[in-house]
Every structure is written in C-alpha cells, then in structure tokens.
S.K.: 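Questions regarding the structure given below will be posed in turn.
Note that this is a predicted model, so its numbers are computed, not measured.
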Amino acid sequence: MRRRWTAVWAATAAVLTACGGQGAVGPTSPIAPSDPAAVSGEITVLTNRTDRIKDGTFKRYADAFRKEYPGVTVRFEGLTDYEGEATLRMKAGTYGDVLLIPNSLSVGQFPAYFAPLGSATDLAQSFDFTEYADVGGRVYGVAGIGMATGLVYNKAVWEQAGITEWPRSAADFLADLKAIKDRTGAVPYYTNYKDGWPLRQWTDLIGAPSCSNTAKDQLADTARPWSAGQDLNAIDGLLYDVVHQKLSEGDPTATDWETSKALMGGGRIGAMLLGSWAVPQMQAAAGAAGHDPAEIGFMPFPVQKNSHHCAVVEPDYKFAVNKHSRHQDAARAWIDWFLTRSGSAQDEQVISTVKGTPLPAALEPFDERGVRIVAQTQDRTADVSRIDRAAGIGLDTPDYRRRLIDIARGAVPGDRDGCFAELNAKWAAAQRVPAG
C-alpha cells in the first residue's frame with residue numbers, strides 16, 4: 001500500500017511544479033556551491049530546533065559536514081520563539097548566514113533578505129515545493145521537509161476512552177474528546193495557546209475540508225471565507241467548539257510547548273493539531289516517559305469529502321541564505337549537504353523534500369485507509385497575502401485564533417457567529433482595496 005501513496009505524492013509534486021513555478025527568466029546569478037576545498041569561513045545557522053542543539057544531533061551533523069568541507073565551521077543559534085525572534089533579527093540585520101524563512105514574511109519580500117539559490121526550472125528537478133519560494137523564476141528558499149497537517153494523538157488514551165476509529169466529522173471528533181474527558185485522566189485537546197505558533201498551523205488545513213488543491217488560491221476571490229460551507233468556517237469552527245465545550249486545557253495562557261510533548265508522550269493529552277513532523281518528537285517523549293513510542297499516532301482532520309478523509313501536504317520552513325552573508329558559498333553548501341546527505345529527514349521520520357525519497361512510517365496509515373492527498377496551488381499567493389495584510393487578520397500568525405479561543409472560553413465578550421461575521425467583513429473590505 002505504501003507504494004500507491006508514494007505514487008500519488010509523486011503525481012502531486014509534478015502538478016505543483018507545473019502550476020507553481022514561473023520558469024527561469026534571464027540570468028539568475030544564483031549562489032553556486034563550490035569545490036569543497038575552496039569553501040571556507042564560519043557560518044551561523046538560525047534554527048527552531050533547540051532540542052537538536054541540546055541533544056548533540058546538530059553537532060553530529062556539523063562534524064560530518066566538516067569532513068567534506070574542512071574549511072567551514074558551522075555554528076547554531078536556537079530560537080525558542082522562532083517566528084518572533086527571527087523576524088526581529090531580520091529587521092536588525094543580524095540574521096545569521098543560514099536561516100528558516102519566517103512564515104510571516106510574504107513571498108514578494110524574499111529578494112530583499114535572501115540570496116537566490118537557483119532557477120525554478122533547475123531546482124524543481126531535485127526538490128519538491130520550490131514554487132513556494134519562486135519569485136520571477138528564481139528560488140530563494142528550499143524547504144527542509146514536507147509535512148501533512150493533522151492530529152497527533154495518543155492511541156492509548158483514545159483506546160482507554162473506547163475509541164477505535166478515526167472520527168469522520170466534527171461531531172464525531174467532539175464526541176470522542178468528550179469520551180476522553182469522561183473516561184480518562186487526560187486533557188482531550190491541547191491548544192498550545194501561549195506559544196502561539198501551533199495555532200497558525202490550523203491555517204495549513206485549508207484544502208482539507210473541501211479536498212481542494214486550489215482552496216488557498218480561491219481565498220483571493222472569496223468575499224466571506226468564514227461563511228458556512230467554506231474551509232475556514234469548518235477549521236476555525238471546530239477549534240471554537242473544542243474550547244467552548246471545555247474539551248481543552250483549563251488555562252490556555254499557561255500552556256507550554258516543551259511541556260506538551262512530555263504530557264502527550266506520558267498519556268496526559270489526547271490530541272494536538274500539528275504537522276506530521278511532530279510525530280517523532282512525541283514518540284521520543286513517550287519513550288522518555290517509559291511508554292511505547294508506537295502509542296503516538298497521526299490522523300487527518302476529522303471531516304470527510306465524498307466518504308474520504310483528505311490531508312494537505314506542504315512544506316515546513318524553507319532554508320535560505322542571508323543575502324548579506326560574507327560566506328554565501330559556505331552557507332549554500334551547508335543547505336545542499338544538510339538536505340541531501342545528512343540523513344536528517346530519515347532520522348526525524350519526516351517527508352524529505354528531495355524527490356524520490358520514500359515516505360516515513362508515520363504516514364503509512366494514511367495510505368492504508370485511503371486518505372486523499374492535497375497539495376495547494378500557489379498561483380494567487382501574493383493576492384491572498386495582500387488581502388490578508390490589508391484586512392489585518394493574519395492567517396499566518398496566532399493572534400486572531402487566540403482571540404477566537406478567548407471568546408470561546410468566555411474571557412472576552414462575543415460568540416462564534418459574531419467573530420466570523422467580523423472576519424468576513426474585514427476580508428471583504430480588504431478585497432476592495434486596489435493592489436499596489
């Protein structure tokens with residue numbers, strides 16, 4: 001069964017390349033990796049993986065890299081609040097040599113901060129998702145990993161609650177969380193409200209309820225995205241209902257990401273909405289807590305279209321080179337080596353962005369249960385980002401969902417319908433603002 005799903009992914013990647021890339025337009029002047037003997041310098045890599053700095057994994061990678069590039073020293077800086085800290089560092093001009101592009105940055109801004117890595121046509125031959133960083137035929141970032149967005153869950157907790165099947169609807173999911181609350185000692189759902197970045201991952205679900213690969217692009221022409229029947233209504237409506245029905249942690253302002261991993265691994269949390277990249281981290285936490293790592297599973301968003309679950313697959317953070325770096329050749333060499341020869345994707349059990357790499361074991365159940373894979377087109381990304389900014393909503397920030405949670409838990413006045421009406425009004429007004 002795994003080969004069938006892999007074939008679907010390969011076909012999807014081909015569609016992405018055809019739809020998203022604009023093709024090379026004239027000379028791109030990319031950074032070109034040099035002869036290892038000729039590359040030298042100390043480079044700083046900014047990363048969100050503070051855990052891999054602490055446990056020595058990144059040092060092991062850097063040591064292996066230096067055997068091939070003896071003149072290059074790699075230094076890592078871990079940022080706990082990566083989005084916030086990296087954005088501030090970029091504004092100050094002190095953002096290392098290699099970094100992960102913050103999600104809050106629009107694609108059109110990439111050339112202002114990053115060096116081109118090559119033409120869209122050339123890089124798409126080796127990597128998936130290059131169209132996500134394509135500006136005028138030049139690629140400014142290469143995704144470190146691909147990920148499906150869904151629910152990381154503790155199978156043992158769900159089994160203790162008497163649940164044996166994936167939920168097929170929002171009503172099923174809410175009933176399952178209520179069973180977990182009533183029959184186990186676990187928190188049914190954990191929002192990670194305080195850290196914030198997990199809340200923006202709900203945006204990555206766009207396309208799952210409708211099972212549409214153009215759902216994100218369609219936002220450019222949809223005046224009321226939070227109306228009934230729209231993806232954002234289903235996505236944010238479920239988050240609201242989970243909190244409103246008291247099926248999440250008692251005090252969302254006191255949540256903590258690192259603690260949540262231990263709680264999930266120890267059987268004290270039922271589910272969290274995250275990318276598939278989180279599965280091995282939760283499995284490691286389960287092992288550290290003395291539990292079987294296999295107790296951690298991954299399921300799609302609990303809505304079906306034509307009797308099928310659908311899951312959006314897209315890139316996680318994209319690696320980029322600081323256009324002001326004094327060692328751009330060394331920085332580019334590190335990116336290429338890390339993605340193609342470090343073995344990091346296999347170590348983490350995530351989807352490698354290198355074309356032809358097998359899928360991780362964590363996603364095999366998707367294949368076995370016929371989950372349909374959806375990869376979003378990128379034709380209207382700039383238009384959607386412009387509308388989002390003009391509306392002041394922030395689809396790629398946690399702020400409006402924090403407010404939604406606050407309304408749902410009664411911390412601020414309002415209700416779901418009123419919140420959605422406000423969001424719709426802002427979006428519709430922003431659509432009428434002329435571009436430019």
S.K.: For T357, does its backbone N or O pair with a side-chain atom of S352 as donor and acceptor, under 3.5 Å?
M.R.: no
S.K.: When W202 is tested against each of L404, L395, L232, I235 for side-chain contact (heavy atoms from CB on, under 4.5 Å), which residue passes?
M.R.: I235
S.K.: Can you tell me which residue pairs pass the salt bridge (Lys or Arg N to Asp or Glu O under 4.0 Å) test with a partner in residues 36-53, sequence neighbours excluded?
M.R.: E42-R75, R49-D51, R49-E348, R52-D55, R52-E348
S.K.: Hey, is the main chain of P302 close enough, under 3.5 Å, to the side chain of R168 for a donor-acceptor pair?
M.R.: no
S.K.: Can a donor-acceptor pair be found, under 3.5 Å and without considering hydrogens, that links the side chain of Y113 to the backbone of G93?
M.R.: no
S.K.: Above 12 or not: heavy atoms from other molecules or residues under 6.0 Å from CZ of R326?
M.R.: no
S.K.: With distance as the sole test, does K194 use its side chain to make a donor-acceptor pair with the main-chain N or O of P252 at under 3.5 Å?
M.R.: no
S.K.: Look at the side chain of S260 and the backbone N and O of W257, then say whether any donor-acceptor pair between them is shorter than 3.5 Å.
M.R.: yes
S.K.: Flag the pair D399 and R402 as a salt bridge only when some basic side-chain nitrogen lies within less than 4.0 angstrom of an acidic carboxylate oxygen.
M.R.: yes
S.K.: Calculate, to the nearest 0.5 Å, the distance between atoms CD and NE2 belonging to Q304 and H309 respectively.
M.R.: 4.5 Å
S.K.: Under 3.5 Å, side chain of W427 to main-chain N/O of L219, donor-acceptor pair present?
M.R.: yes
S.K.: Under 3.5 Å, is there a donor-acceptor pair between the side chain of D172 and the main chain of P167?
M.R.: no
S.K.: Any idea how Y69 and F65 line up, ring-wise: parallel (<30°), tilted (30 to 60°), or perpendicular (>60°)?
M.R.: parallel
S.K.: Once you round to the nearest 0.5 Å, how far does CG of N48 lie from CD of E83?
M.R.: 9.0 Å
S.K.: Yes or no on ring-ring contact (aromatic ring centres under 6.0 Å, His included) for F420 and Y240, after CA distance, side-chain angles and deciding distance?
M.R.: CA-CA 11 Å; F420 286 1; Y240 180 95; 7.3 Å; no
S.K.: N192 side chain to D195 main-chain N or O, any donor-acceptor pair under 3.5 Å?
M.R.: no
S.K.: Ignoring hydrogens and angles, tell me if any N or O in the side chain of D396 forms a donor-acceptor pair with the backbone of S104 under 3.5 Å.
M.R.: no
